[in-house]
Structure formats: structure tokens, C-alpha cells
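As the structure lists them, so they are numbered: ligands from 1, and atoms in each ligand from 1. Only a predicted model underlies this, so the values are computations on that prediction, with no experimental measurement involved. Counting begins at 1 with the first residue of the sequence.
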Amino acid sequence: MERMGSKETLCRTRTILCFLLLFCVSCKCSASEFEITQVASLGVDASSHLARKIPDTLFGIFFEEINHAGAGGIWAELVSNRGFEAGGPHTPSNIEPWSIIGDDSSIFVGTDRTSCFRRNKVALRMEVLCDNCPAVGVGIYNPGFWGMNIEDGKTYNLVMHAKSPEMIEMTVSLTSSDGLRVLASAAIRVPGGSNWIKLDQKLVAQGTDRTSRLQITAKTKGVVWLDQVSLMPSDTYKGHGFRTELISMLLDLKPRFLRFPGGCFVEGSWLRNAFRWRDSIGPWEERPGHYGDVWNYWTDDGLGYYEFLQLSEDLGAAPVWVFNNGISHHDEVDTTAIAPFVKDILDSLEFARGSAESTWGSVRAAMGHPEPFPVKYVAIGNEDCGKENYRGNYLKFYNAIREAYPDIQMISNCDGSSGPLDHPADLYDFHVYTGSRALFSMKNTFDNTSRSGPKAFVSEYAVTGNDAGRGSLLASLAEAAFLTGLEKNSDVVHMASYAPLFINDNDRTWNPDAIVFNSWQQYGTPSYWMQKFFRESSGATIHPITISSSYSGSLAASVITWHDDENSFLRVKVVNFGPDAVSLTFSATGLQGSINALGSTATVLTSGSVMDENSFANPNKVSHRSLLAFRSNASQ
Ligand code: AHR
């Protein structure tokens with residue numbers, strides 16, 4: 001492989017084989033503008049007796065509610081703090097990001113605890129004081145998450161709950177951020193009475209504005225209570241509430257599992273703020289929401305436990321439910337008192353897997369999914385191995401789940417890569433965030449791991465620090481090298497996922513990430529594109545390789561075969577992590593077919609500088625390129 005415009009180059013070739021014919025191939029990737037100073041030959045022995053199947057689950061994704069990945073991210077809800085609960089249960093409370101339209105003489109807005117919803121009692125009370133109100137009315141507006149993306153011709157579904165002692169006419173509208181440009185508007189009548197009513201209104205946008213807001217206004221004196229105000233675009237993925245374009249980026253990775261919902265998000269800084277599955281299910285209006293005190297933002301929990309299971313199904317990915325084991329960053333439940341937490345998790349599993357007639361399965365069925373969700377993996381906590389009560393609590397969860405669901409694979413937080421665990425587990429979690437050189441070297445990490453015992457789940461890996469920038473080519477090269485090592489060791493490494501997956505550009509809490517988005521745009525960092533090189537690996541066959549070169553310390557490679565309904569493919573992935581251009585010769589023995597030379601392709605991930613990144617302005621600066629100078633001497 002020859003250098004393609006940078007100090008480091010990743011080259012991959014894919015060769016279509018004609019099924020069951022004799023095979024022989026050699027290829028050379030070349031780019032004439034570079035001076036080639038290194039040579040290497042990569043050989044693969046594709047003999048079946050040396051081949052090994054890669055687990056079906058090897059590469060997946062890890063979704064954490066971090067960086068507004070969910071709220072203001074893949075969850076398409078446009079209203080932030082839709083139930084007015086984010087200011088806390090004590091009233092009067094802060095209603096941010098809601099704001100008031102009108103001055104003190106025309107409107108009085110506050111919160112009280114008169115909501116009809118049992119678990120989220122805070123409601124907004126709005127008293128219109130003006131006789132001669134301004135022409136635009138007075139009321140409240142919500143800017144969503146750094147502005148709502150409202151697009152011309154699209155329909156938005158507004159739902160809100162209201163109560164007013166006297167009939168009151170209101171206007172709901174989508175406007176520009178200053179309220180001056182109206183994109184959609186409708187009159188809504190709240191009938192007088194003592195009961196709350198649910199109001200539905202479709203709003204069709206006549207114009208596009210990426211930073212819009214939702215306004216609820218009135219022009220006549222009166223009092224109205226509002227609660228649980230939702231605005232959803234009508235074009236969510238499969239109607240399931242997910243932002244379609246972000247989901248299609250996930251589908252492109254062909255993830256075999258979805259680990260959720262954290263990460264530290266699961267633990268909480270304090271237990272009282274940890275994710276609670278029970279509070280995140282059922283009708284959205286009845287969910288209390290919670291403040292995620294590790295990543296420091298409020299979530300209405302529209303994206304709850306049920307939605308994560310639905311997302312797994314929509315992606316064709318096995319759900320991996322990471323649950324809190326009674327341990328947060330700052331407090332722990334003693335093992336003698338953990339029983340109710342264990343019961344809580346057994347209930348969560350019944351919710352996912354129980355029949356539609358079971359206590360919790362019936363709740364799932366009522367939400368629209370009578371068929372069980374196939375939860376086969378659970379992680380008992382996140383990064384808690386060193387905590388005082390971890391082992392005690394772990395065993396309580398482990399034993400109870402094993403008894404109730406013998407097929408569920410349980411994941412320990414303790415690292416078993418260099419020695420046996422002191423407790424039973426099916427898999428153990430392995431997290432690594434480090435510099436590029438260190439991660440490149442870690443491609444051999446699992447070479448000496450015991451071949452018996454629990455399997456590794458590398459559930460979080462990434463290059464971080466200076467090498468990573470905001471997602472650099474350099475980082476992705478080291479990560480790719482690391483993944484070739486995981487493929488080779490996939491007899492002991494059964495699952496792996498990059499972290500974090502998403503970042504809203506307006507909340508850059510954790511850097512770098514795989515997918516960057518704002519209200520209307522998205523792009524993959526080089527680490528995202530890198531993962532695409534591995535999307536056919538799960539369930540494929542890996543073959544032993546040899547690299548002959550004085551430069552082999554800077555190279556990493558793997559060779560797999562896989563097939564779709566029509567063809568078999570030989571996929572060669574090569575990472576050049578060093579500064580020199582390399583002329584690479586590739587040869588294969590032991591294949592049971594011949595090459596379809598016309599189908600051969602070479603794809604490169606490279607750029608002018610190793611620190612190059614993608615951006616909204618240049619989303620494909622570092623992305624897949626076909627290598628035109630690829631030469632194949634394949635026999636037909
Ligand atoms: O991926 C970001 C964080 O890194 C996760 O929440 C945590 O598990 C790890 O420390």
C-alpha cells in the first residue's frame with residue numbers, strides 16, 4: 001500500500017470471489033505522487049482448517065445519554081422541558097428554557113402542583129392580565145434544544161394538556177427565534193371547566209427556519225394551566241420518534257448490538273439521579289423525567305427503556321441493557337439492602353421479555369409491543385468494579401437473573417483480560433480511552449488472554465486527548481488497528497463498541513465522538529467512517545495473515561471472508577500508522593474459489609494531514625474514497 005496524501009494511511013481492499021472456484025489474487029495500491037520508501041507483503045492463508053468464525057455480535061454501538069445524544073438528539077421531540085418539571089418539584093420553579101412573551105402588566109406566569117399527572121405534578125399557570133393585549137398576544141415560548149428545526153412543507157404534531165375555568169382562545173405557532181416570522185399557526189380553544197383536556201393540533205410549516213420556537217399565546221383575559229406540551233415532527237423513523245437521518249447513519253454501521261443507556265448516565269453522580277427504567281416507560285405524559293447529574297442536563301425521558309428496546313429492534317441489533325447495580329459515583333447501596341434493586345431489575349426483564357399477560361409484559365403490550373423484546377445481555381453496572389459493594393451487589397443480581405433467565409448473558413465490570421475474575425460472569429467489560437500510539441499498540445492486548453473463562457466486551461474504546469482533536473484521522477487509524485486486533489482475538493473478544501456515539505454540537509461535553517449533529521445537520525467523524533470498514537466483520541470468517549516488512553511495526557491488518565445472498569467477499573484491511581509510504585503486495589492461498597477481478601475494489605480512508613477532521617462545512621473531508629490506482633492481478 002502506498003501513502004495517500006498523509007503520514008498515515010488506511011487502505012482496504014475488497015475482492016468479490018466467484019463462489020467455489022479456485023482463487024489467486026495479488027493487488028497493489030499505488031499513488032504516484034508519493035515517494036515509496038517502504039515495502040511490505042501481506043499474505044493470507046484462507047484454508048478452511050485455519051479459518052475461524054467471528055462472533056455474530058462482534059461490532060455494535062453504545063448509545064449513552066451524553067452530549068444531548070438523546071434529548072435534543074436522536075429523540076425527535078422538539079420541546080425541551082415539556083412537563084415543566086426540570087425546575088424541580090418545589091414551586092414556584094424555574095421554567096427554563098420556556099420564556100414569557102409579554103410584560104408584567106400583561107401576563108403572570110408561574111408553576112404550581114396541580115397537574116393531572118400523578119408522577120409529575122408541576123404544571124404551568126398562565127394568567128393573561130391585559131384587556132387590550134398586543135396584536136401578537138401574550139404567552140410563553142419554547143426554543144427546544146438550541147432552536148427547533150422547522151422545515152417547509154413538513155407537518156408537526158403538537159399535543160398539550162390544558163385546563164381553564166372559562167373558555168379561552170389560544171394561538172399555537174411556530175416562529176423564528178425572535179417571534180417575528182410565523183411559519184405555522186393555529187387557533188386552539190380550551191373549553192371552560194375544571195378538568196384537564198388533551199389538545200392535538202397539526203402544524204404545517206410554510207417556510208424553513210433551523211432555530212425556530214413554539215409559541216402558545218392568548219389575547220384575552222383569563223387563566224389557563226398548561227402541562228406536557230409536545231411537538232414531534234411527523235416523519236420520525238418508522239413513526240417511532242427517532243430522527244430519521246441520525247438513525248440512517250446508525251443503520252449504515254450495521255450494528256449487531258445496542259448497549260444502552262450508559263455509561264455514567266446509568267450510575268448517576270448520586271443514586272437519586274440515576275436512570276430509572278420504571279420512570280421512563282408508559283405514556284410519555286406520565287413520565288417524570290430526571291436530571292442526569294453526571295452530564296448535567298435534564299431529560300424528559302421520552303427516550304426511555306421501551307424506546308431503547310424499540311431502537312434495538314429497528315436497528316436489528318441485540319439489546320444490551322446496562323442497569324444500575326445500586327452504585328453511583330458518590331453513594332452505594334449496601335449489599336444487605338440491595339434486594340429491592342434486584343427485584344426492580346427482574347421487573348425490567350419481565351417488561352422486556354415477559355408475555356403480554358404478565359404484570360410488566362402487559363405494560364409493554366399496552367405501549368404497542370405485545371411481542372417480547374429479546375434481551376439476551378445485561379451489564380451489571382458500569383465501571384464499578386473497584387467500588388466497595390460491587391462484588392456483593394453483583395452476585396445478588398447475577399444469581400437472581402441466572403435463576404429467572406438462564407439464557408441471559410451477564411457482563412461484569414471487572415477486567416478479566418489479564419487474569420481470572422473472582423466471580424462468575426459470561427462477559428467482562430473493558431474500557432479504553434488513550435492516545436493514538438498507545439491504542440495502536442493495544443492491538444495485541446488480547447493475544448495472551450486466557451482462552452477459557454468469560455469473554456471480553458470492549459464496550460467503550462476511543463483515542464482521546466491531543467491526538468483526537470475533535471475527531472481526527474489519526475485517532476481513527478489507531479482505532480482501526482486496535483479493531484484488527486479484536487477481530488484476530490475474537491475467540492475471546494465477543495463484542496466491541498466505540499464511545500461516545502453522538503454529540504450535539506451545542507453541548508460538547510465529551511470529545512471526541514463518532515457522530516456530530518445539530519438541529520438539522522450531521523456528519524461522521526473519521527472514527528465513524530473507520531467503523532464502516534468493520535461492518536461486515538461480525539459473523540464473518542477470519543484468516544491468519546503474515547506481514548513481511550522491516551516496517552511491520554507501523555502496520556496492522558486483518559483479512560476476513562464474508563458473503564451476502566449472491567457473492568462471497570475477501571476483505572483485506574490494512575492500517576499504515578507510520579510516516580512512510582508503503583508499497584504493499586497482497587497474496588492469498590487456500591481460497592476455495594477464484595477472484596472476480598472486475599468486482600475488486602479498494603477503499604481508502606485518508607486525508608492531507610493526520611489531524612484532519614470533518615465538519616458541517618466539510619462533512620466528507622475524511623471519508624471513504626475509491627482508490628483508482630488499485631491494481632489487481634487476479635485470475636478469472
Ligand atoms: O463514554 C463516556 C464515559 O466514559 C462513559 O459514560 C463512561 O462509562 C466512561 O467513563
Side-chain angles (χ1 to χ4, degrees), residues 59-71 73-74 250 253 255 257-271 273-276 290-297 299 303 308 320-330 332 377-387 390 394 411-415 417 427-435 438-439 442 456-465 467-471 475-476 478-479 482-483 495-505 507-517 524-525 527-528 530-531:
F59 294 123
I61 52 177
F62 163 43
F63 179 94
E64 173 159 24
E65 182 60 89
I66 181 174
N67 309 317
H68 280 84
I74 61 162
L250 298 184
L253 293 178
F257 64 82
L258 171 70
R259 177 181 185 245
F260 68 87
C264 297
F265 179 73
V266 164
E267 302 172 83
S269 209
W270 296 94
L271 277 171
N273 294 320
F275 177 77
R276 301 275 178 163
H290 82 289
Y291 182 75
D293 63 353
V294 175
W295 308 123
N296 297 316
Y297 59 92
T299 54
L303 175 56
F308 282 117
V320 182
W321 163 219
V322 185
F323 61 75
N324 185 295
N325 62 110
I327 297 177
S328 78
H329 285 187
H330 292 111
E332 300 186 28
Y377 299 92
V378 296
I380 304 176
N382 175 68
E383 294 187 342
D384 292 328
C385 180
K387 306 278 175 59
Y390 186 68
Y394 174 93
I411 303 158
S412 164
N413 288 177
C414 300
D415 178 9
S417 63
L427 295 117
Y428 58 86
D429 233 342
F430 185 97
H431 295 181
V432 55
Y433 296 99
T434 187
L439 194 65
M442 284 181 70
F457 181 4
V458 183
S459 67
E460 300 182 24
Y461 71 85
V463 169
T464 50
D467 293 349
R470 281 183 164 199
S476 70
E479 289 154 4
F482 179 62
L483 294 195
M495 305 167 97
S497 44
Y498 178 90
L501 183 58
F502 282 116
I503 186 168
N504 185 318
D505 192 45
D507 175 14
R508 283 193 163 272
T509 297
W510 186 287
N511 176 72
D513 307 86
I515 299 171
V516 185
F517 62 87
T525 61
S527 297
Y528 171 81
M530 177 281 298
Q531 290 177 66

Is a donor on one side and an acceptor on the other found under 3.5 Å between the side chain of Y377 and the backbone of I411? no

Ring centres of Y461 and Y498 under 6.0 Å apart? yes

Mark yes or no for whether S328, through its side chain, and S269, through its backbone, hold a donor-acceptor pair below 3.5 Å. yes

Hey, does the side chain of D293 reach the backbone of W270 with a donor-acceptor pair shorter than 3.5 angstrom? yes

Could you pull out the N/O contacts under 3.5 angstrom between ligand 1 and the surrounding protein atoms?
{"unit_1": "ligand 1", "atom_1": "1 (O)", "unit_2": "Y433", "atom_2": "OH", "d": "2.7"}
{"unit_1": "ligand 1", "atom_1": "1 (O)", "unit_2": "E460", "atom_2": "OE1", "d": "3.4"}
{"unit_1": "ligand 1", "atom_1": "4 (O)", "unit_2": "Y433", "atom_2": "OH", "d": "3.4"}
{"unit_1": "ligand 1", "atom_1": "4 (O)", "unit_2": "E460", "atom_2": "OE1", "d": "3.2"}
{"unit_1": "ligand 1", "atom_1": "6 (O)", "unit_2": "E64", "atom_2": "OE1", "d": "2.6"}
{"unit_1": "ligand 1", "atom_1": "6 (O)", "unit_2": "E64", "atom_2": "OE2", "d": "3.1"}
{"unit_1": "ligand 1", "atom_1": "6 (O)", "unit_2": "C264", "atom_2": "N", "d": "2.8"}
{"unit_1": "ligand 1", "atom_1": "8 (O)", "unit_2": "N382", "atom_2": "OD1", "d": "3.4"}
{"unit_1": "ligand 1", "atom_1": "8 (O)", "unit_2": "N382", "atom_2": "ND2", "d": "3.0"}
{"unit_1": "ligand 1", "atom_1": "8 (O)", "unit_2": "E383", "atom_2": "OE2", "d": "3.4"}
{"unit_1": "ligand 1", "atom_1": "8 (O)", "unit_2": "E460", "atom_2": "OE1", "d": "3.1"}
{"unit_1": "ligand 1", "atom_1": "8 (O)", "unit_2": "E460", "atom_2": "OE2", "d": "2.7"}
{"unit_1": "ligand 1", "atom_1": "10 (O)", "unit_2": "E383", "atom_2": "OE1", "d": "2.8"}
{"unit_1": "ligand 1", "atom_1": "10 (O)", "unit_2": "E383", "atom_2": "OE2", "d": "3.0"}

Nearest heavy-atom contact between C385 and N413 is CB-O, 3.6 Å

ring-ring contact (aromatic ring centres under 6.0 Å, His included) test vs F63 passes for just one of F260, F257, F265, F308, namely F308

